[in-house]
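Protein chains get the first letters and strands the later ones, always in sequence-line order, with residue 1 at the start of each. Just so we're clear, the structure is a prediction, and the values are computed from it rather than from any experiment.
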Protein chains: 2
Amino acid sequence: MDATGGIDGVLDVRDLRYFRAVAEERNITRAAERLGIAQPPLSRAIRQLERRLGVSLLDRSTRQVTPTAAGLVLLEEAVRVLDAVSAAAHRTRRAALAAPVVVVTAKPGVATDLLRRTARAYAAEPGAARVEILVSGYGEQGGLVRDGRADVALLGTGEDDHGLDLEPLTSEPRVAALPAGHPLADRSVLSCRDLAGLPFPHCPVLPPHADDYWSGRDVRDEAVAAPRPVVRDSSQLLEAVALGQAVALIPASLAERNRRDDIAYRPVRDAGPYTLAIAWTSGSRSPAIARFVRTAIEVASHERTSRAAGPPSHAAEPSSRVAGPVASDQG
Amino acid sequence: MDATGGIDGVLDVRDLRYFRAVAEERNITRAAERLGIAQPPLSRAIRQLERRLGVSLLDRSTRQVTPTAAGLVLLEEAVRVLDAVSAAAHRTRRAALAAPVVVVTAKPGVATDLLRRTARAYAAEPGAARVEILVSGYGEQGGLVRDGRADVALLGTGEDDHGLDLEPLTSEPRVAALPAGHPLADRSVLSCRDLAGLPFPHCPVLPPHADDYWSGRDVRDEAVAAPRPVVRDSSQLLEAVALGQAVALIPASLAERNRRDDIAYRPVRDAGPYTLAIAWTSGSRSPAIARFVRTAIEVASHERTSRAAGPPSHAAEPSSRVAGPVASDQG
DNA sequence: TCGCGTCCATACCGTCAGGGTATGGCGTGA
DNA sequence: TCACGCCATACCCTGACGGTATGGACGCGA
């Protein structure tokens, strides 16, 4: 039970920070300067880590180090741990504040209206915590909740929602945004096949495989040779489209609010809808968060029923997921 | 940016292990011997942790230490982190094995049949990983997946499933198990109200509030003065009932397989069903796990359709949850 | 009320892990 | 073939962490 190593002390936050840097940079020297330490201690730390785990984590060819299969697993787990550690510090500090605070976030443009209305409705409830709204860029929401900087986020389902509990709020069709002169703009309706291979924008904070969010499908298999512009919010996205650098699948409401001559919006027959959901830390036991989530669901449901003129396909089905915020809410 | 403290190095696995022990034991001396260190270093470590976080974590009355509100938050987060760290080590080591392995677990009695059939169907698929079946006691399944000792678990929904992705497989009614001579055994059908205040068994590995699993409702509010027998598996549970120490809500199939004179089973009108689900690490990207989950869903669905004589309420609705195992399965 | 026991905090000390600097080895590309 | 880039090894030093000894506060029982 010692040669193979117990599980208790083999991994440390420091080890995981170090290994993450190396596995991501694929270069020990660069990783060392990213970490602010010298290269030799980092080399040694990684080797010690491999010895303690009894597992080879890196293939060390002379020009670069590449993670082994086990190394890739550890990288994924390391991100999870580091998020959890950061969350622990953030949430503990927030819990120590004199007045309770709920930090909510959403990307600007798509979801901030709903978020503001929810925050207002929540603030009107008796015993509500102070609400702090954090504006964030594309694809940042999931990370903000996971590492504890935010308690609750509004994000599109499938965006970056693993490890979070979520409840759908609203759903709307997605349309293709094309540069005005684009050949496809001549057609009145498109399908996902038409869009294959076109340059979809790239969101810098998401892992590469998450890019299927913008394309409505999985782009991992395809050799995406086309240069992919980097965007951080909807105005950058639309600008990239207008300049002919990209096409994108965007929520219909975003298109409606941004009618312009240099962009053509076209329905896409088989594109999945854009579903906006509220997300929070999986298994959170905070009454304030549970209360806020419930308020958001109510606000969204009221808005659906009040503007009942809209097509019924715009309504999100309530999730059948069993786990909700489990806090009993008598505070 | 230094007085308030950054987030980077304030928390360490060691700190969280230490704090967890203290917060759970509510006694530094006992926590120290549980950790296998002397008391003074532990005292110092906790104080340093408080200083680094800038947060008071413990109320130190003279006879015992009790966690503050922030301390309770940190305790919850610490458990999460420690599970994730343990999972990182376990999964990395498992990923380094020559032949890929999927470790699956279920409690004995209720779910092992389905698990075995799923394992057999999975093993027949091309390129399947080796399946290792881990038997576990009541309420252990969630923890086993969270800390990485298992990859996949079959468990009842609501049991201990936070932080896991899950997909319902089968659903069946729950019945009350009563000692043969119990007054309620005279009635042919019961309701949850009848059972309020009765001694439901206690599962040692679950946190106290999770006991509502056995009672079908939330027992946190009630002053449960009745002594609660501790059970670890279904035979212990039934024994406790037969001895008159407990009553329990159990899946109907378990009752059918354990007909005996000293226990009376009675339907409970408003008790929620027992839903068996397959659970895996939220956001897991392993093709083998995704494949196993899919096989389990197919096996369960085949069994539902094949014995179509059963009442339709026994069929679990497929979850509308968007996130499934995200791996593209071409391996 | 006194004394004892329990429990947490402080003081002091030794060890070793972790970080820094210097340097070597190796492969690649010009 | 030379120079550069990159990783590994050798060596030193600082400081963090754990142990022992001890003090102080509070509660309880005689």
Side-chain angles (χ1 to χ4, degrees), chain A residues 2 5-6 8-68 71 74-75 78 82 85, chain B residues 2 5-6 8-53 55-68 71 74-75 78 82 85 89:
Chain A
D2 207 5
D8 215 28
V10 286
L11 284 184
D12 193 1
V13 173
R14 189 190 61 101
D15 296 322
L16 296 174
R17 277 217 331 270
Y18 284 10
F19 179 74
R20 178 187 187 173
V22 171
E24 285 179 351
E25 298 285 344
R26 303 188 169 218
N27 179 319
I28 297 186
T29 307
R30 273 203 306 277
E33 53 194 56
R34 166 174 148 186
L35 292 166
I37 64 170
Q39 170 263 320
L42 182 56
S43 270
R44 197 181 40 183
I46 301 292
R47 295 203 90 90
Q48 285 174 347
L49 175 60
E50 287 180 301
R51 248 211 325 280
R52 281 201 304 268
L53 274 170
V55 166
S56 166
L57 298 170
L58 296 175
D59 281 329
R60 294 165 171 81
S61 87
T62 48
R63 304 307 283 172
Q64 65 176 5
V65 292
T66 58
T68 62
L74 183 60
L75 173 58
L82 295 171
V85 169
Chain B
D2 207 5
D8 215 27
V10 287
L11 284 185
D12 194 359
V13 173
R14 189 189 61 102
D15 297 323
L16 296 175
R17 275 217 333 270
Y18 284 11
F19 180 73
R20 177 186 186 175
V22 171
E24 285 179 352
E25 298 285 343
R26 308 197 162 207
N27 178 322
I28 298 185
T29 306
R30 272 202 307 274
E33 56 193 55
R34 167 173 148 187
L35 292 166
I37 64 171
Q39 168 262 319
L42 182 56
S43 270
R44 197 180 41 187
I46 301 293
R47 296 202 88 90
Q48 285 174 348
L49 175 60
E50 288 181 299
R51 249 211 323 280
R52 283 201 302 270
L53 275 170
V55 166
S56 167
L57 298 170
L58 296 175
D59 281 330
R60 294 163 172 81
S61 85
T62 48
R63 302 310 282 172
Q64 67 175 3
V65 292
T66 58
T68 61
L74 183 60
L75 173 59
L82 295 171
V85 169

So, is B/Q48 close to the D/dC17 phosphate, meaning a side-chain N or O under 4.0 Å from OP1 or OP2?
yes
Once you round it to whole Å, what is the distance between C1' of D/dC17 and CD1 of B/I37?
9 Å
Would you mind reading off the distance between A/I28 atom CD1 and D/dT9 atom C1', rounded to a whole angstrom?
13 Å
Is B/S43 near enough to C/dA9 that one of its side-chain N or O atoms lies under 4.0 angstrom from OP1 or OP2?
yes
Measure the shortest side-chain to side-chain distance between A/V85 and B/D12 over non-hydrogen atoms and say whether it is less than 4.5 angstrom.
no
From the candidates C/dC8, D/dA8, D/dC17, the one with an atom nearest any side-chain atom of A/R47 is D/dA8
Closest non-hydrogen atom pair between B/A89 and A/L11, with its separation:
N-CD1, 3.5 Å
Counting the atoms with a prime plus P, OP1 and OP2 as sugar-phosphate, which does B/Q64 contact under 4.0 Å by heavy atoms, base, sugar-phosphate, or nothing?
nothing
How close or far is atom C1' of D/dC17 from atom OH of B/Y18, stated in whole angstroms?
8 Å
Length of the CZ-C1' vector between A/R26 and D/dC6, whole Å:
16 Å
Respond yes when some side-chain nitrogen or oxygen of A/N27 is under 4.0 Å from OP1 or OP2 of D/dC7, and no when none is.
yes
For the pair made of CG in B/L35 and P in D/dG18, what is the distance, rounded to whole Å?
10 Å
Would you please confirm or rule out a distance under 4.0 Å between OP1 or OP2 of C/dC7 and any side-chain N or O of B/T29?
no
Taking atom P of D/dG18 as reference, at what distance in whole Å does atom CD of B/E33 sit?
17 Å
Could you check whether the side chain of A/R44 and the base of C/dG19 have a donor-acceptor pair of N or O atoms closer than 3.5 Å, going by distance alone?
yes
Between atom CD in B/Q39 and atom P in C/dT10, what is the gap in whole Å?
11 Å
Where do B/E50 and B/L58 come nearest, in terms of heavy atoms and distance?
OE2-N, 3.2 Å
Nearest-Å distance, CG (B/D59) to P (D/dA25)?
19 Å
Give the minimum heavy-atom separation between A/L42 and A/I28, together with the two atoms involved.
CD2-O, 3.4 Å
I'd like to know if the side chain of B/R20 reaches the main chain of B/A78, judged simply by a donor and an acceptor atom lying under 3.5 Å from each other, with no hydrogens or angles considered.
no
Against the side chain of B/R14, the closest entry in D/dG18, D/dA10, D/dC7 is D/dG18
Under 4.0 Å: is that the gap between some side-chain N or O of A/R30 and OP1 or OP2 of D/dG5?
no
